[in-house]
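The sequence lines fix the lettering, A, B, ..., with proteins before strands; numbering per chain opens at 1. The structure displayed is predicted, hence computed values, not measured ones.
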Protein chains: 2
Amino acid sequence: MIEEARASDSRNTAKDLADCSCYIVHPECVEAARSAAIEPRLLAALGELFKVFSDATRLRILGALSVGELCVCDIGAVLGMTQSAVSHQLAVLRAAGLVAYRREGKTVYYRLADDHVTTLLKMGKEHASERARGEA
Amino acid sequence: MIEEARASDSRNTAKDLADCSCYIVHPECVEAARSAAIEPRLLAALGELFKVFSDATRLRILGALSVGELCVCDIGAVLGMTQSAVSHQLAVLRAAGLVAYRREGKTVYYRLADDHVTTLLKMGKEHASERARGEA
DNA sequence: TGAACATATGAACAAACGAACATATATAGA
DNA sequence: TCTATATATGTTCGTTTGTTCATATGTTCA
């Protein structure tokens, strides 16, 4: 459909649809892309999800938890970080639903919330390492 | 292995390994998690990758491009954004290797770089929408 | 070559973010 | 209840990030 729109080369010299400073070149393509737009609610959730994954400290925490359940103190030791810093990031991960926890006395054990987390991590790793290989 | 380490309940009351303010509770678990740590180089790349995905504008651009190739001007029209703003974000996406482009006269057409992008987007969407459903 | 258009880039500013420090909550044991 | 330990949270601060405005590069056509 996009192809046909381009093929007909329907140029629209008016600026009717654009907040953009230039002319709309392919109105049909624009319309198609617009109607396929991600809903604002999902868009926000998606952004939040990836944002949580975008921090090195949080990635390291997730990586550590992928080996198995750990308490806050252990995580701090693994990363060589303050308990406070770890706890703050755990709060972020908790809010995003990426980790679950379980209290046992004074100790709180954290674990990955579900398989989605592992999968996203793995997929990201694959892409990142392929990229790195391609650039080198 | 983690299980056994926990089962033996080997508490280490010394603070030898920890920059953390508290005692290391499960040294074996810590050691296991440490040896499974993501290499710094991959970690950085991974963080960068997800960071690029974490912005709503960039996600919308990627979403638009998932329908088909678009020129900068079209993208601006789809998002209702300035050409400058779009171009800046395209530069970020380009640097991350998430989009490819092709010049045709004055016009530059952008497209998704490879299937990894589509896959990551789809996976993120699935997780995000499942989460949203669970919270509602 | 010069004007018009499409895109890219530089600089500046406000908003968002993570680290660090201090402090609060919660649980166990005496 | 008082103390010690484990974790959580509030706040401040330096840095990063996205947008905007202005300008530069690059391409076509006359």
Side-chain angles (χ1 to χ4, degrees), chain A residues 9 11-15 18-26 30 43-44 47-48 50-61 69-77 79-96 99-110, chain B residues 11-15 18-26 30 44 47-48 50-61 69-77 79-96 99-110:
Chain A
D9 196 11
R11 286 181 157 258
N12 185 348
T13 45
K15 293 193 181 185
D19 293 334
C20 174
S21 61
C22 32
Y23 301 107
I24 296 180
V25 181
H26 310 95
V30 171
L43 186 71
E48 288 302 317
F50 284 126
K51 186 169 294 176
V52 174
F53 272 98
S54 74
D55 179 65
T57 299
R58 288 191 289 265
L59 283 174
R60 291 175 71 205
I61 293 179
E69 197 183 51
L70 290 173
C71 71
V72 178
C73 189
D74 287 343
I75 299 174
L79 306 193
M81 289 183 66
T82 309
Q83 175 271 321
S84 177
V86 171
S87 199
H88 269 290
Q89 298 307 333
L90 282 172
V92 175
L93 292 169
R94 226 185 308 134
V99 297
Y101 62 96
R102 147 183 93 82
R103 170 157 237 142
E104 190 171 303
K106 286 181 285 191
T107 313
V108 177
Y109 294 98
Y110 280 84
Chain B
R11 285 180 158 261
N12 185 348
T13 46
K15 294 193 182 186
D19 292 334
C20 174
S21 61
C22 33
Y23 302 107
I24 296 178
V25 181
H26 311 95
V30 170
E48 289 302 318
F50 285 125
K51 186 171 296 178
V52 174
F53 272 98
S54 74
D55 179 66
T57 298
R58 287 190 290 265
L59 283 174
R60 291 175 72 204
I61 293 179
E69 197 183 51
L70 290 173
C71 71
V72 178
C73 189
D74 287 343
I75 299 174
L79 307 193
M81 290 185 66
T82 309
Q83 174 271 322
S84 177
V86 171
S87 198
H88 270 292
Q89 297 308 332
L90 282 173
V92 175
L93 292 169
R94 227 185 308 133
V99 297
Y101 62 96
R102 150 184 92 81
R103 170 158 236 141
E104 189 171 303
K106 287 182 284 189
T107 313
V108 177
Y109 293 98
Y110 280 84

Checklist outcome for this item: Between A:Ala85 and A:Lys106, whichever has its closest DNA chain C nucleotide further toward 5' is A:Ala85
Item to check | Whole-Å gap separating P (D:dA6) and CG (A:Leu70) | outcome: 15 Å
Item to check | Side-chain N,O (B:Gln89) to OP1/OP2 (D:dT19) below 4.0 Å | outcome: yes
Checklist entry - Between B:Tyr110 and B:Arg94, does any side-chain donor sit less than 3.5 Å from a side-chain acceptor? => result yes
Checklist entry - Taking only N and O in the side chain of B:Lys51, is any of them less than 4.0 Å away from OP1 or OP2 of D:dT17? => result yes
Checklist entry - Quick one: B:Leu59 CG to D:dG18 C1', roughly how many Å, whole number? => result 14 Å
Item to check | Whole angstrom value for the distance that separates C1' of D:dG18 from CG of B:Leu90 | outcome: 14 Å
Next on the checklist: Can you tell me how the ring of A:Phe53 sits relative to the ring of B:Phe50, calling it parallel under 30°, perpendicular over 60° and tilted otherwise?
Outcome noted: tilted
Checklist entry - Rounded to the nearest Å, what distance is computed from the CD1 atom of residue B:Ile75 to the P atom of nucleotide D:dT19? => result 14 Å
Checklist entry - So which one's nearest nucleotide on DNA chain C is more toward 5', A:Gly105 or A:His88? => result A:His88
Checklist outcome for this item: Atom OH of B:Tyr109 and atom C1' of C:dA8 are separated, to the nearest Å, by 17 Å
Next on the checklist: Side chain of B:Met81 only, heavy atoms from C-beta on: which candidate in D:dG26, D:dT19, C:dA8 is closest?
Outcome noted: D:dT19
Checklist entry - How close or far is atom C1' of C:dA15 from atom CG of B:Asp55, stated in whole angstroms? => result 13 Å
Item to check | Phosphate OP1/OP2 of D:dG18 contacted by B:Arg58 side-chain N/O (<4.0 Å) | outcome: yes
Next on the checklist: From the set D:dT9, C:dA28, C:dA8, return the single nucleotide nearest to any side-chain atom of B:Val108.
Outcome noted: C:dA8
Checklist entry - Just by modelled atom types, is the B:His26 backbone N or O under 3.5 Å from a matching donor or acceptor in the A:Asp74 side chain? => result yes
Item to check | Presence of donor-acceptor pair under 3.5 Å, side chain of B:Ser84 and base of D:dC21 | outcome: yes
Next on the checklist: Looking at A:Arg94, I'd like to know whether one of its side-chain N or O atoms comes within less than 4.0 Å of OP1 or OP2 on D:dT9.
Outcome noted: yes
Checklist entry - Counting side-chain heavy atoms from CB outward, which of C:dT7, C:dT9, D:dA8 is closest to A:Ser87? => result D:dA8
Item to check | Whole angstrom value for the distance that separates C1' of D:dG26 from CZ of B:Arg102 | outcome: 17 Å
Item to check | Flag side-chain contact, heavy atom, 4.5 Å: A:Arg102 against A:Val108 | outcome: no
Checklist entry - Closest approach of A:Lys51 and A:Arg58, non-hydrogen atoms and distance? => result O-NH2, 3.3 Å
Checklist entry - B:Tyr110 near the nucleic acid: base, sugar-phosphate alone, or nothing, with a heavy-atom cut-off under 4.0 Å? => result sugar-phosphate
Checklist entry - Could one point to a donor on the side chain of B:Gln83 or the base of C:dA8 with an acceptor on the other under 3.5 Å away? => result yes
Item to check | Spacing between B:Arg103 atom CZ and C:dC5 atom P, to the nearest angstrom | outcome: 17 Å
Next on the checklist: On a heavy-atom basis, which atom in B:Val52 and which in B:Ala96 lie closest, and how many Å separate them?
Outcome noted: CG2-CB, 3.7 Å
Checklist entry - Looking only at side-chain N and O atoms, does A:Thr107 come under 4.0 Å of OP1 or OP2 in D:dA6? => result no
